[in-house]
There are 2 protein chains.
Amino acid sequence: MLSLEDAERTVREATHGRRLCLVVGNCRVNYSGRAASKLSEGDRLLVIKGDGTFLVHQGKGMTAINYQGPGSTVSTKLEDGALIIESHGKKKPNVPQEKIEVRFSHVHFAQAFDLRDDSKLSVTGTEEELAKLLMQEPDRIEPGLQPLKQESYRRHGDIDILARDKEGRLVVVEVKRRTAELAAVTQLRRYVEELAKRKNEQQVRGILAAPGISESAKRMLEEWGYEFAKVGYEAHEHEHAKIKRVERKQKSLSEYGLEEE
Amino acid sequence: MLSLEDAERTVREATHGRRLCLVVGNCRVNYSGRAASKLSEGDRLLVIKGDGTFLVHQGKGMTAINYQGPGSTVSTKLEDGALIIESHGKKKPNVPQEKIEVRFSHVHFAQAFDLRDDSKLSVTGTEEELAKLLMQEPDRIEPGLQPLKQESYRRHGDIDILARDKEGRLVVVEVKRRTAELAAVTQLRRYVEELAKRKNEQQVRGILAAPGISESAKRMLEEWGYEFAKVGYEAHEHEHAKIKRVERKQKSLSEYGLEEE
DNA sequence: GCGATCAGCGGCACG
DNA sequence: CGTGCCGTTGATCGC
């Protein structure tokens, strides 16, 4: 157990020094901004990061019960025998000012920490990588498929992969890293229709490339004359190594200034 | 600074007692499962909750850099002068087993806490509430509009509000609590088309009800013959009180077993 | 800054 | 249990 005065000083100094601050105690929480919320008494963990990030966690559940992003400012005060910690969100255009008030009646623990950390997370297995892989091996989608945007495959017209099939027809490929659902079909449909209009081509095919597809998505897909290509990595353990190989290959190619093999 | 042995005991006992455990120290993090990630050396905060929730936070940024949901299991070991804390995700069908390995070289802090907390967050200002409000005051969408699904407004065919206009035409209303974008238009379109086919009505109108709409979404909306209704709460401070009044009214009505006014 | 899209999305409700 | 969809979604990237 900690006196509220001590806790307040700890939080104030940590905030001032832009250090991580952890507070555990009994509190109520109020939030208002884009929405509003109330949480009555209970023990929680409060995490305040050096960049202003503000997280209130209950003892269960993965997501913070209340939160505020980087750039928020913290203020503290003692009032009516309670320690009040407020976070005021960074002002954003077209969004109401956000505010969280945490009112501690008891603080079990409060401490500041210096976190030295220059590392950044590197992730593999994203949709972007799957698209890259498919650009390298378009036969996985359909034999004879020829991708068009060899370099800078990314976000040209929001189409994941644009290609021509053996008959020379334009093909829009929408890639999903997990089971495709209805939204993926409507997305594909929009791209195909927009492209057909823009290029003035009547025959534009649409292929949804994903490791799986839900039943209703499949129905809607076929109803609209589009196709499904199962392209998921089969063995999850090996896939990442494979993707890495592809990436390394690309890197070495670009080092030599080559556009394609 | 803490000996790794002490830290390991703290984590083990906290896990066993299903208590919250906080660990701060220098570590590397590896994740594999649906995707895979690596994070090299740095100081981080590890949060392990009583329900198995596992969160690795860097000193900046709002989101946990690695995470695992409730139901995960924790194991610890000392190896090569490091404290290794692993989280194994709950097995789910059709998803590869997930695993996080946090390898601490130094632990600055490790402590367990008991969080007694029976409260649940109550939120106001959601889309569901906005839809309720519009059911109560459909004129906000369009004069003369008559909502059809008075009770059990929810998830009938995923349509937010189904209504008839003054001319008796079916109207599908898709409600968004914030600025509507392209996805909202395609969503509306899908509902309208499915309903038209299902009910065999040729004239089904579609209205997108939201506080705002992006330019391209508006273009696409009008291109498809649908309409936009600006319905956002004007004053953010008052809106919630207003919604609350509406809810209370509904509650008291249902207490008397009434279906409508 | 707006907007469109991905995310290891998470969470929830419903069939 | 799959699946759809909201979320104070957050994070990122291109315009």
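On a predicted model such as this, the values are computed, not experimentally measured, just so you know. Order of the sequence lines sets the chain letters (A, B, ...), proteins ahead of strands, with each chain counted from 1.
- Heavy-atom distances to DNA chain D give each of A:P70 and A:T179 a nearest nucleotide, and the one nearer the 5′ end belongs to A:T179.
- The CG atom of A:D158 sits 14 Å away from the C1' atom of C:dC2 (whole-angstrom rounding).
- OP1 or OP2 of D:dG10 has at least one side-chain nitrogen or oxygen of A:R34 nearer than 4.0 Å.
- Atom CG of residue B:L188 and atom CZ of residue B:R205 lie 11.5 Å apart, to the nearest 0.5 angstrom.
- The base of C:dG3 is not paired with the side chain of B:E181 by any donor and acceptor separated by under 3.5 Å.
- Residue contacts for A:E215: at a heavy-atom cut-off of 4.0 Å it reaches the sugar-phosphate backbone alone, with no base atom in range.
- B:E193 and B:R189 are joined by a salt bridge, as a carboxylate oxygen and a charged side-chain nitrogen come within less than 4.0 angstrom of each other.
- Residue B:K176 is in sugar-phosphate contact alone, with no base atom involved, counting any heavy-atom pair closer than 4.0 Å across all strands shown.
- For the pair A:R219 CZ and D:dG4 P, the computed distance is 9 Å after rounding to whole Å.
- Of the side-chain N and O atoms in B:R178, one or more sit less than 4.0 angstrom from OP1 or OP2 of D:dT9.
- When the nucleotides D:dT8, D:dT3, D:dC6 are ranked by their closest atom to the side chain of B:E127, D:dC6 comes out on top.
- If you measure from atom CD of A:Q58 to atom P of C:dG11, you get 12 Å, rounded to the nearest angstrom.
- Following rounding to the nearest Å, B:E194 (CD) and D:dG4 (P) show an atom-to-atom distance of 10 Å.
- Residue A:Q68 holds its CD atom at 14.0 Å from NZ of A:K49, rounded to the nearest 0.5 Å.
- The side chain of B:R177 lies closest to D:dT8, out of C:dG8, D:dT8, C:dC2.
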Sequence neighbours left out, cut at 3.5 Å: what donor-acceptor pairs do the side chains of residues 84-95 of chain B make with other protein atoms?
| residue | atom | partner | partner atom | Å |
| --- | --- | --- | --- | --- |
| B:E86 | OE1 | B:H88 | NE2 | 3.1 |

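- Heavy atoms of A:Q187 sit under 4.0 angstrom from primed sugar atoms or phosphate atoms, though from no base atom.
- Listed candidates were D:dT8, D:dC5, C:dG8. Nearest to the side chain of B:E98 is C:dG8.
- Distances shorter than 4.0 Å separate some side-chain N or O of B:T63 from OP1 or OP2 on D:dA11.
- In this structure, A:I65 reaches the bases: a heavy-atom distance under 4.0 Å links it to at least one base atom across the strands shown.
- Of the candidates C:dG10, C:dG1, C:dC6, C:dG1 carries the atom nearest the A:P93 side chain, counting heavy atoms from C-beta on.
- Within the structure, every side-chain polar atom (N or O) of B:Y67 is placed at least 4.0 Å from both OP1 and OP2 of D:dG10.
- Taking the P atoms as reference points, D:dT8 lies 22 Å from C:dT5, given to the whole Å.
- Positionally, the nearest nucleotide of DNA chain C for B:L182 lies more toward the 5' end than for the other of B:L182 and B:N66.
- Residues meeting the side chain to side chain contact (heavy atoms under 4.5 Å, CB included) test with A:E222, sequence neighbours left out: A:K218.
- Sequence order on DNA chain C of the closest nucleotides to A:N94 and A:R190 puts A:N94 first from the 5' end.
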